[in-house]
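In what follows, chains carry the letters A, B, and so on, assigned in the order in which the sequence lines appear, proteins first and then strands, with residues in each chain numbered from 1. FYI, side chains are in, hydrogens and waters are out, and symmetry mates aren't considered; it's all heavy atoms of this structure.
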2 protein chains.
Amino acid sequence: MARKLGTPPPAVTVDTIILTVGAGLTDLRVLLVRRGRAPFAGRWAIPGGFVEPGESLEQAARRELAEETAVTDLAYLEQLYTFGDPGRDPRGRVITVAYYALVPAAGIEPHAGDDAADARWFSMFDLPRLAFDHGRILDYALARLRAKMEYTTVGFGLLGEEFTLSELQSLYELILRRRLDKRNFRRRILAMGRLEPTGRSRMNGVHRPAGLYRFAREKGSTPKAARKRHEATRRK
Amino acid sequence: MARKLGTPPPAVTVDTIILTVGAGLTDLRVLLVRRGRAPFAGRWAIPGGFVEPGESLEQAARRELAEETAVTDLAYLEQLYTFGDPGRDPRGRVITVAYYALVPAAGIEPHAGDDAADARWFSMFDLPRLAFDHGRILDYALARLRAKMEYTTVGFGLLGEEFTLSELQSLYELILRRRLDKRNFRRRILAMGRLEPTGRSRMNGVHRPAGLYRFAREKGSTPKAARKRHEATRRK
DNA sequence: GCAAAAGTGTTTAATATACACCCATGA
DNA sequence: TCATGGGTGTATATTAAACACTTTTGC
């Protein structure tokens, strides 16, 4: 474990990709900060910073998130990958542990931090040229999110406390970039056993009101039992 | 990106979990090195070291591997996870980027490196107490390998150039720790379209000789086409 | 001819996909 | 009564799982 003399230690940053959805579920958005100084002055970048002595990598990611947004309830946070190619930062060796976070749709406003001259949301599907290798990191994050959406409930947290199944489906279609069949989607999503009807409903125009659901954080019952319960609820 | 004064930068190591299978496909093995000095002197640990200035993280993992074993053909290498909890190394902040590597079954002997007083293979299912949080890292690696075995061809590289389907099945059963149905296994594995018969066969006792296969590195044809081709081959 | 592993199909269950109409609402 | 999105079921195809006997070999 002895370190060779004369080789400066690499710098380590934790960068956090903060994702949310735009109002009306029309867009998947990522929070970027504009760099004030060289290199890449004026370019947009993923917010990040150094790890403080006493904190874990995940805590560093959470701190970043708190510094960049007024987010209170974080829906999801996961380590994405560690990027460490030499030359990815012209100033010297920088190793970046990337995390990605999902925050609910409610009107989150970015607030400019100490470092960040400016911070704002961008569409994940219409990104500016980014600093460093951050474009590649975002590609990687989107691929991971898509893969996980297929077989987990990660996506649920992007919506608020209560949501309709149509909203959830719009979210899936938005991120996966393909149309889903309404009936099959509802069946599959309810079969996961993590959604429970709140009993309330919401009207969103001149048509039948939509039932509201909430995400059951506790690991629900088995899919089969969940479906049965859902059918029973329906019969009432 | 400015760094606060007075906070020493964390050390970064790349640790590589080197996995292979024991002769006779009876065991999944991991290469560990015995620590010569404190902390955890005498305990076994995952081989690792610092990143050299000019190399990528993956290159560092490959270098480790070359230093610890006489491996020539590496079957698989993937970044696993980055561990950085404060306190995981009593000497100070150490962030470890873990990789895992699969090397073919052929008689790989570890050779003691500069740092490592001693290096040897251990069964993944009968591990000694490890230094640092390395036990947890191995758990994580095994979980990842198992998950990937279910839907990819990662495992194939653990066998040599040529192998029988029974050997491949033994490998899967060994790592997944459950019995598999022979017929279903062969069907599924051939349907992946990445295995081609070499035309040769091997005798391994007083019974019918087993056909040999090789791993087709090039992305083969579609599963359906592969099965058709297999059936056609069979008919000859 | 016997012991031992290699090699082969079919039946059934579970899961995924495709697809069209009625419902509740406010204007 | 109409326009709008909400809500439901069934038939078919695909995939996964269970299951047993014949073949080839050396002794």
Side-chain angles (χ1 to χ4, degrees), chain A residues 24-26 149-151 159 162-173 176 178-193 195-213 222-236, chain B residues 24-26 149-151 159 162-173 176 178-193 195-213 222-236:
Chain A
L25 299 178
T26 53
M149 296 265 295
E150 302 275 11
Y151 64 99
L159 300 177
E162 287 189 326
F163 48 86
T164 70
L165 293 184
S166 296
E167 286 166 354
L168 190 58
Q169 183 176 346
S170 295
L171 176 70
Y172 271 71
E173 291 180 336
L176 299 177
R178 61 189 165 91
R179 304 268 315 144
L180 302 171
D181 179 85
K182 195 184 358 176
R183 284 164 294 187
N184 294 339
F185 176 79
R186 289 158 111 94
R187 188 182 12 249
R188 253 189 327 139
I189 225 77
L190 289 169
M192 287 181 178
L195 244 35
E196 49 188 27
T198 65
R200 308 202 292 149
S201 62
R202 178 196 297 159
M203 272 201 33
N204 237 349
V206 187
H207 53 78
R208 180 171 175 175
L212 289 169
Y213 290 78
T222 69
K224 202 179 264 177
R227 195 183 315 184
K228 203 169 269 172
R229 194 182 48 207
H230 171 245
E231 280 162 0
T233 305
R234 211 161 37 76
R235 265 195 282 280
K236 279 175 200 165
Chain B
L25 300 178
T26 53
M149 295 265 296
E150 302 275 10
Y151 63 99
L159 299 176
E162 286 189 328
F163 48 86
T164 70
L165 293 183
S166 296
E167 287 166 354
L168 190 58
Q169 183 176 345
S170 295
L171 176 70
Y172 271 73
E173 291 179 337
L176 298 177
R178 61 189 164 91
R179 305 269 314 146
L180 301 172
D181 178 85
K182 193 179 6 168
R183 284 164 293 188
N184 293 339
F185 176 78
R186 289 158 110 95
R187 188 180 14 246
R188 253 191 326 142
I189 224 78
L190 290 170
M192 287 180 179
L195 243 36
E196 50 187 28
T198 64
R200 308 201 295 151
S201 61
R202 178 195 296 159
M203 273 199 34
N204 236 349
V206 187
H207 53 79
R208 179 170 177 175
L212 289 169
Y213 289 78
T222 69
K224 203 179 263 178
R227 194 184 314 184
K228 205 168 269 171
R229 195 181 47 207
H230 171 245
E231 279 162 1
T233 304
R234 211 162 36 76
R235 265 195 281 280
K236 279 175 200 165

Any idea which heavy atoms bring B:R202 and B:E162 closest together, and the distance?
-> NH2-O, 3.5 Å
Roughly, in whole Å, what's the span from CG in A:D181 to P in D:dG9?
-> 15 Å
Nearest listed nucleotide, side chain of A:P209, among D:dT25, C:dA24, D:dG7 | C:dA24
Atom CZ of A:R200 and atom P of D:dG6 are separated, to the nearest Å, by 18 Å
Shortest side-chain distance from B:R187, nucleotide among D:dG7, C:dT25, C:dG9 = C:dG9
Taking atom C1' of D:dT15 as reference, at what distance in whole Å does atom OH of B:Y151 sit?
-> 19 Å
Of the listed D:dG7, D:dG26, C:dG7, the closest approach to the A:A210 side chain comes from D:dG7
To the nearest 0.5 Å, tell me how far B:E196 CD sits from B:Y213 OH.
-> 11.0 Å
For A:N184 and C:dA20, give me the distance from atom CG to atom P, rounded to whole Å.
-> 13 Å
Compare every heavy atom of B:L25 with every heavy atom of B:S170, then report the nearest pair and how far apart it is.
-> CB-CD1, 3.9 Å
Starting from P on D:dT8, measure out to CZ on A:R188 and report it in whole angstrom.
-> 17 Å
Of the nucleotides C:dA24, D:dG7, C:dC19, which one has an atom closest to the side chain of A:R186?
-> D:dG7
What's the spacing between A:L165 CG and A:F185 CZ if we round to 0.5 Å?
-> 7.0 Å
Any side-chain heavy-atom pair of B:F163 and B:L195 under 4.5 Å = yes
Give every pair of a protein N or O atom and an N or O atom of nucleotides 1-4 of chain D that lie under 3.5 Å apart, one pair per line with the distance.
unit_1, atom_1, unit_2, atom_2, d
D:dT4, O2, A:V206, O, 3.0

For the pair B:E173 (side chain) and B:L180 (backbone), establish whether a donor and an acceptor sit closer than 3.5 Å, ignoring hydrogens and angles.
-> yes
Hey, are the side chains of A:R186 and A:S166 touching, using non-hydrogen atoms and a 4.5 Å cut-off?
-> yes
Is atom CZ of A:R200 surrounded by more than 12 heavy atoms (other residues, nucleotides or ligands) closer than 6.0 Å?
-> no
Take atom CE of B:M192 and atom C1' of D:dT15, then tell me their distance rounded to the nearest Å.
-> 14 Å
B:F185 CZ to C:dG9 C1': how many Å, rounded?
-> 18 Å
Could you give the CG-to-P distance, from A:L180 to C:dT17, as a whole number of Å?
-> 10 Å
Are any non-hydrogen side-chain atoms of B:I189 and B:Y172 less than 4.5 angstrom apart?
-> yes
Can you list, by residue number, the residues of residues 163-172 of chain B that have a non-hydrogen atom closer than 4.0 angstrom to DNA chain D?
-> none
Select from B:K182 and A:K182 the residue whose nearest nucleotide in DNA chain C is closer to the 5' end of that strand.
-> B:K182
Ignoring hydrogens and angles, answer whether the base of C:dA5 and the side-chain atoms of B:N204 contain a donor-acceptor pair closer than 3.5 Å.
-> no
May I ask you to verify whether the side chain of A:R183 and the base of C:dA20 hold a donor-acceptor pair under 3.5 Å?
-> yes
At their closest point, which heavy atom of B:D181 faces which heavy atom of B:Q169, and how far apart are they?
-> C-NE2, 4.1 Å
